[in-house]
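Read through the structure below, which is laid out as structure tokens, and then see the notes.
Atoms within a ligand are numbered from 1 in the order they appear, just like the ligands themselves.
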Amino acid sequence: MEFPMTLHAFHEAFPDETSCWFWLRRMRWPKGFRCPRCGGTTSYRLARRDLDQCQDCGYQVSLTAGTVLHKTRVPLRTWLLAVFFVARHKQSISALQLQRDAGLGSYKTAWLLLHKLRAVLGPDPSALLSGLVEADETYLGAPHEKGRRGGRAHGLKTLIGAVVERRQGKGHLRLDILDSHTFENDLGPFVRGVIEGRCTTVRTDGLDGYRPLAAAGIEHQRIVQGTDRSRSVKLFPWSHAVFSNLKSWLRGTYHGVSRKYLPRYLDEFSFRFNNRGNESAIGTAILGRVFSSPPLPYYRLEAELRG
Ligand SMILES: [Zn+2]
């Protein structure tokens with residue numbers, strides 16, 4: 001099932017709620033309806049809600065129950081439109097822009113919708129990186145910190161770690177927030193947690209926090225770079241590109257993001273990076289995540305919005 005690649009195709013595939021419902025239903029249950037109670041294979045659609053009713057026993061099954069779309073009041077078409085923007089726009093979309101483009105009544109609706117989508121884009125913990133990888137770290141700062149001196153010293157900047165495979169077009173990326181440059185608490189668990197230990201070579205700069213990698217049994221290329229930036233870009237092309245794209249994305253689309261929400265944005269960025277060679281499948285991949293992820297209660301997100 002191919003998710004539409006253009007807005008024109010989107011409007012043709014999803015002219016109304018009914019078409020969205022049938023499309024999503026086919027995606028979720030490719031073999032058709034099967035009643036969980038009696039095994040019946042014929043159902044009626046209860047159009048008022050997103051329900052199938054079993055013709056044999058009357059049991060009602062919801063298309064969205066138990067998924068991120070659980071009890072959503074937002075039309076399915078709006079959800080699909082948001083998936084389209086997240087999948088098709090290299091720079092993704094902000095809540096304000098989604099509110100405008102989808103004609104949503106409130107900013108809050110758009111914000112919640114996008115956060116629910118981002119919440120399903122986290123990395124698959126079993127998909128470990130391998131081969132030659134670069135491990136590096138950088139600081140991100142929110143815009144309101146500009147002009148404040150010693151932001152780093154005051155802990156206002158956020159340290160981000162990256163491990164990225166050096167594999168043209170296919171290399172995968174993992175990002176995480178770190179509290180420090182120490183091996184024991186931060187760099188070690190992060191790097192070791194995302195790589196296939198025996199078949200990975202980790203290239204890092206001369207930072208002390210990476211030194212214990214070798215003692216931990218990991219093949220380590222430690223390269224002391226000095227201060228020449230162009231040499232550093234040559235040695236660590238992937239992590240440099242990732243950090244520079246990440247920073248310009250956060251600045252451009254979201255005008256900076258607070259630390260509280262940063263993990264979700266890192267997930268969204270990594271998801272897009274990791275699916276970059278797979279543009280026609282990215283919309284379907286997002287929807288696959290939507291249907292395999294548990295509901296994210298509204299109150300939890302609302303607390304975040306207020307907080
Ligand atoms: Zn039944």
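Applying the side chain to side chain donor-acceptor pair (under 3.5 Å) test to residues at least two apart or on different chains, the pairs with a partner in residues 186-196 are S180-D186.
Salt-bridge annotation for E219 and R198: absent, with no side-chain N of the basic residue lying under 4.0 Å from a carboxylate O of the acidic one.
A tilted orientation is assigned to the rings of F85 and H89, their planes being inclined by 30° to 60°.
Across Q60 and L46, no two heavy atoms sit closer than the pair NE2-CD1, 3.3 Å.
D101 is linked by a salt bridge (charged side-chain N to carboxylate O under 4.0 Å, His left out) to nothing, counting only residues two or more places apart in sequence or in another chain. Among residues two or more places apart in sequence or in another chain, the salt bridge (charged side-chain N to carboxylate O under 4.0 Å, His left out) test is passed with R203 by none.
Within the protein, the N, O or S atoms lying under 2.8 Å from the Zn ion (ligand 1) are C35 SG, C38 SG, C54 SG, C57 SG.
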